Protein chains: 2
Amino acid sequence: MKALSQVGKYGLRALLYLVAYPPENQYLSIRQISDDLGLSFHFVTKIFRELTEKGILLSYRGPSGGIALAKPAEEIMLIDVIKVLEGEDFFDKCLLGLPHCGSAKPCPVHEFWKEVKSQLQENFSNTSLALLGEKIRTQEVRLDE
Amino acid sequence: MKALSQVGKYGLRALLYLVAYPPENQYLSIRQISDDLGLSFHFVTKIFRELTEKGILLSYRGPSGGIALAKPAEEIMLIDVIKVLEGEDFFDKCLLGLPHCGSAKPCPVHEFWKEVKSQLQENFSNTSLALLGEKIRTQEVRLDE
DNA sequence: CATATTTAAGAGTATTTAATCTTAATTAGA
DNA sequence: TCTAATTAAGATTAAATACTCTTAAATATG
Ligand code: SF4
Ligand code: SF4
């Protein structure tokens, strides 16, 4: 089961790095993130540009430039990030992908797919980046290896 | 959230058609299924070949040939079909896709991803094709439109 | 045996996704 | 003002996925 695209995976990992290890100065360079996580610098740059456009990150060019959160990590929910990285319709995707479907005209697997999907959506909506960053800092969880 | 590939979606729909509307004679032709569901005949043929190789379908060439279930629909679970169509590792896929990970060295979203995944896996394991076929026949659910 | 029907096999094409590369723009600091 | 550091933008390439097409093999029936 493939839940996130490469854009989603890399983007989320890179973003969580920033949240977990915020820099002393205002901006953290993309190079440091991509090097530390072993991701392609250019690919991460492209992904971050999207997050910047959509108001989740701020960016600054030039020496000692980089990226930073546009809002406090407490106010950014996982679902906001996912919707930028995977598209607004992320939670509309279906198992059989029939046209015109939904609860009124369900397909054979609608019943439990609906449950699975809403459970995931709820978790994404209730999880802030701040919470995940804290888990990473306390080494309860990890971002690489 | 993209759960199934096109192979998985088309394959499952076509297979459920056979289960729900089994032919009087021994075999049902792929042409009838693909035409009825509006799917590519060649694509469905390719998918069915795989299901035949893996022992879920029987096939027979020549006039009045076609495909048939290799076992009673009661004995084929959704998860068996999914594992053929999407690969044995379908339920090993991850949100962040870190190497060497699992419950011992979890990533930040492991906790709820694990839950979501096992809920889906359980549903797939407990659902037989016979059950879904019956739902379709009684028009509780549908395969097209 | 000849023909029509049907699946098998695999080559070929198109589209989407993933990743890389090049150049431009911005900015700090010597 | 010059240089180095950094993101922005977009062109390009690579790989995976999704089909499509052609030919072969099997088989029923007249
Ligand atoms: S009926 Fe439900 S599960 Fe099935 S394709 Fe539609 S929305 Fe998805
Ligand atoms: S830690 Fe869990 S959710 Fe995260 S990538 Fe590994 S198996 Fe997937």
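Each chain gets a letter, A, B and so on, in the order the sequences are listed, and its residues count up from 1. Since we're looking at a predicted model, the values are computed, not measured. Side-chain atoms are counted along with the backbone in the values below, which use heavy atoms only and exclude waters and symmetry mates.
- In this structure, the side chain of A:E86 engages the main chain of A:S5 through a donor-acceptor pair within 3.5 Å.
- The separation between A:I30 atom CD1 and D:dA8 atom C1' is 9 Å, rounded to whole Å.
- Put simply, A:S59 has a side-chain N or O that comes within less than 4.0 Å of OP1 or OP2 on D:dA8.
- Direction change of the helix axis from one end of the helix from C:dC1-D:dG30 to C:dA30-D:dT1 to the other is 10°, with five pairs defining each end axis (rounded to 10°).
- In this structure, B:Y60 reaches the sugar-phosphate backbone alone: every heavy-atom distance under 4.0 Å involves primed, P, OP1 or OP2 atoms, never a base.
- Between the A:K117 side chain and the A:K93 main chain, a donor and an acceptor come within less than 3.5 Å of each other.
- In this entry the distance linking CZ of A:R31 with P of D:dA8 reads 14 Å, nearest Å.
- Place A:R61 and B:R61 on DNA chain C by their nearest nucleotides, and B:R61 ends up nearer the 5' end.
- Test B:I67, B:I76, B:L129, B:L78 against B:L15 for side-chain contact (heavy atoms from CB on, under 4.5 Å) and you get one pass: B:L129.
- Here the straight-line distance linking atom CG of A:L143 with atom OH of A:Y17 works out to 9.5 Å at 0.5 Å rounding.
- Between the CZ atom of A:F48 and the P atom of D:dA9 there is a distance of 16 Å, given to the nearest Å.
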Original post:
Can you give one letter per nucleotide of nucleotides 12-23 of chain D, 5' to 3': B if a protein heavy atom sits under 4.0 Å from the base, S if only from the sugar-phosphate, - if neither?
Top reply: ------SBBBB-

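- Scanning residues 85-94 of chain A for heavy-atom distances under 4.0 Å to DNA chain C yields an empty list.
- Tested against A:F90 for a side-chain contact (heavy atoms from CB on, under 4.5 Å), the candidates A:I82, A:L85, A:V84 yield a single pass: A:I82.
- Note on A:K54 versus A:E50: salt bridge recorded, some NZ/NE/NH1/NH2 to OD/OE distance being below 4.0 Å.
- For the pair A:F41 and B:P63, nearest-nucleotide mapping onto DNA chain D gives the more 5' position to A:F41.
- By the side-chain hydrogen bond (donor to acceptor under 3.5 Å, both in side chains) test, A:K9 is found to be paired with no residue, residues two or more places apart in sequence or in another chain being considered.
- By the side-chain hydrogen bond (donor to acceptor under 3.5 Å, both in side chains) test, A:E74 pairs with no residue at all, sequence neighbours left out.
- At a cut-off of 3.5 angstrom, counting only N and O atoms as typed in the model, there is a donor on one side and an acceptor on the other between the side-chain of B:R49 and the base of C:dA9.
- Looking at residues two or more places apart in sequence or on another chain, you find a side-chain contact (heavy atoms from CB on, under 4.5 Å) between A:F41 and A:I30, A:R31, A:S34, A:T45.
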